[in-house]
Structure formats: C-alpha cells, structure tokens
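Remember, predicted model here, so these are calculated numbers, not experimental data. Below, chains carry the letters A, B, ... as their sequence lines are ordered, and counting in each starts from 1.
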Amino acid sequence: MPELPEVETVCRGLGSLIVGHTIRLLSCDDSPRSFPNIKTEVDLFVIGASVMGIRRRAKLLMLDLSTGYSLVVHLKMTGQLVYRGDTQDFGAGHPSDSLVGELPDKSTRVIIEFNNNSKLFFNDQRKFGWMKLYPTVEIPNIDFMQKVGPEPLEKEFTAKVFISRIRRRNGTTIKAAILDQTVLAGVGNIYADESLWGAKIHPATRVKNISDKKLALLLKEIKYVMGLSIEKGGSTSKNYVDAEGNKGSYMDFARVFQRNGLACSRHSDTMIEKIRVAGRGTHICPVCQPETEAN
DNA sequence: CACTTGACCTGTCCGC
DNA sequence: TGCGGACAGGTCAAGT
C-alpha cells in the first residue's frame, strides 16, 4: 500500500495529533515480526516518554521520543497508523463507508496509549509491516538507511543525479529500476505506472535503451505525481488510510493505475491495459507507451 | 556480479 | 455455496 505520498500524509497527520503527548502504555500482539522489541526495552525507553517529533525517510516513519529512542515503522503493503482521541470512543460514530471501524480490530498489531486517553493503533492485515525501537542516533546506521536513494521531491535531486544513479541499472527494465529503493526513495507500484505513463515510456523498456532526455522527463513526472498525490492525501486503492482513518483521493486523478479497460485520457479510443512487468501488475496505454527499441 | 523469482501473510475476487 | 487459484500498495533471501 503505502508509497512515499501515503507515508508522508500519515506523517503530517500524526505530527499534529500526537507530538507532545506522553506514552502511558504500549501493547502488542504475539507476533514478534510486528514488534520485535522485548518488554524491558519498552518499559525503559517507551513508557513515560513523550513524542518529540515525527519524521519520514523513504517509506519509513520515525517517532522520536524524549528518551533518545525512536519508534521506526514500515507499513509495507497493508499497514495503517490510526489515531483515535478519547472522545471518539474508538468505535461508534464513524461513517459506514470508512475503511476502519471499531478499534482495536482483527488486524491491530500494536496499541500505543497516551496520557490523555487517546490511542494510536498500528494495524496490518498481512503482517508484512513492522514497528521497531531504535536509539535515535543509530537510525542513520540501519542497513536500509545506508543504502536508500535520495528523496525524489528534494530540489537537489536533479535530473543529473537521477540519471547517474539509474544508469547503474542499465541492464534491467525501467520499471524495476525506479522501484529499486537504492536508486531513489519512495516509488512503488502506483507511482511507477503513473509516472511512466506521464513520460510515455513502456515499463518493460531496458534502461540502457532510454535517452537521458527521456529519463529527465521521467524524473519530472515522478516529482509531479508524488507532489500531486501528497496534495490529495495519497491513494486509497484498497486499505490505505491516513492518521485519522480517512481515505486519500489520488485515485480520482490516476491516469493508468487500476484503470485497465477504461479509456486513456490522451486517446479516448484506446483502452488502458494491464500487463506484468518486474513481477508486478502494470498498467499502460499501448498507444502512448509503445514497446520500442530506443527512447 | 546483476538480475529475476519466490517467500513472507491474510483477505478477496473470479471461474468452475 | 464451496473450493482452488490468482492477485494485492513492499522488501528480502535465494536462485539463475
């Protein structure tokens, strides 16, 4: 589920909801994959700590605590971080079309309870996601942090930088290359398809067959779709909700993702197709994005 | 080494 | 209605 825009939306939402709150209790289900830290660490570094700030890097969220430790969260495919204030009684009163009902529910892995009786629920249906406690200063040394590529929306991430990084993956397809988190951070299946349509590149094209000019255009499209999606609160294709349990609306603006069988907005007479590239479901307009030798 | 595939889980949808 | 299989937003380890 969550790619950069979704994680960013959760980050901004949580920032205004829980920063400054003190943690009274942390409870988790019995799957160590979801939360591997032992009770002693939680007692020492989480209970009684207050939330100093919330940051995002790539698809990771970091809740920095006053104890010098941070809760690092990866939502993977179906993770959610949903906050409920104490007046919300954690259940009733939510719209019937809401993706999140009474909490905790079957998918709840971790519950963080604050001193003002509000709660933060970490839900994850497929259990791929995780929440882990690290000393804050150690975060830059996490293997993933060492390897992950630049943030696509940063000004310093120019076409020149992008091209030099993606050329290391000249042998693979452009879709596999932009999904590679060591090339750049935050692109997932939705925004890969959306940006490749924007740049009119077939996702199975080898990187080596794409000109620098086309790659520069692709980066522009990546920045555009990510920026737009953050404005729209992310994409809800299935499970994703923000920190208050609301859906994102980028899917109303999607040009190809999950639009197979619908008309391409550039050619009302051709339909979006769904194919498989890099082991992932992939959406293309066969007219805008023909398979070619060179780009 | 570079690249591709399968595994991790649960739930849903689709065809028989 | 039931059952098997494919598939789902992400990343690893293992395989070629």
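Between S237(A) and dA8(C) there is no side-chain N or O to OP1 or OP2 distance below 4.0 Å.
Aromatic ring pairs are classed by plane angle as parallel below 30°, tilted from 30° to 60° and perpendicular above 60°; the pair W130(A) and H74(A) is tilted. Relative ring orientation between F114(A) and Y83(A) is described as tilted, the plane-to-plane angle lying within the 30° to 60° band.
Among the nucleotides dG10(C), dT4(B), dA8(C), the one closest to the side chain of K274(A) is dA8(C). In the set dC9(B), dT11(C), dG11(B), dC9(B) carries the atom at the smallest distance from any side-chain atom of K127(A). The side chain of K59(A) has dG10(C) as its nearest neighbour among dA8(C), dC9(B), dG10(C). For R169(A), taking side-chain heavy atoms from C-beta onward, the closest of the listed nucleotides dC3(B), dT10(B), dC8(B) is dC3(B). Out of dT10(B), dG10(C), dC12(C), the shortest distance to the side chain of K76(A) is found at dG10(C). Set against dA8(C), dT4(B), dG11(B), the side chain of K106(A) has dG11(B) as its closest nucleotide.
Comparing the P positions of dT1(C) and dT10(B) gives a spacing of 26 Å, expressed to the nearest Å. Separating the P atom of dG6(B) from that of dG5(C) is a span of 16 Å, rounded to the nearest Å. Rounded to whole Å, the P atom of dC9(B) lies 15 Å from the corresponding atom of dA14(C).
If you check the side chains of K175(A) and T282(A), you find a donor sitting under 3.5 Å from an acceptor. No hydrogens or angles considered: a donor-acceptor pair under 3.5 Å links the side chains of E194(A) and Y250(A).
One atom, CG of L4(A), and another, P of dT11(C), lie 11 Å apart when rounded to the nearest Å. Rounded to a whole Å, the OH atom of Y240(A) is 22 Å from the P atom of dG11(B). Here dA8(C) presents its C1' atom at 9 Å from CD of Q258(A), a figure rounded to the nearest Å.
With both pairing distances under 3.5 Å, dC9(B) is matched to nothing as a Watson-Crick or G-U wobble pair.
With its ring centre under 5.5 Å from that of the base six-membered ring and a plane angle below 30°, F128(A) counts as stacked on dC8(B).
Across all strands shown, S235(A) has heavy atoms under 4.0 Å from base atoms, whether or not it also approaches the sugar-phosphate.
Between D180(A) and R169(A), at least one side-chain nitrogen of the basic residue sits less than 4.0 Å from a carboxylate oxygen of the acidic one, meeting the salt-bridge criterion.
Interface remark: the R126(A) side chain does form a donor-acceptor pair with the dA8(C) base, using a distance-only criterion of under 3.5 Å.
Projected onto DNA chain C by closest heavy-atom contact, R276(A) and H74(A) fall at different nucleotides, the more 5' of which corresponds to R276(A).
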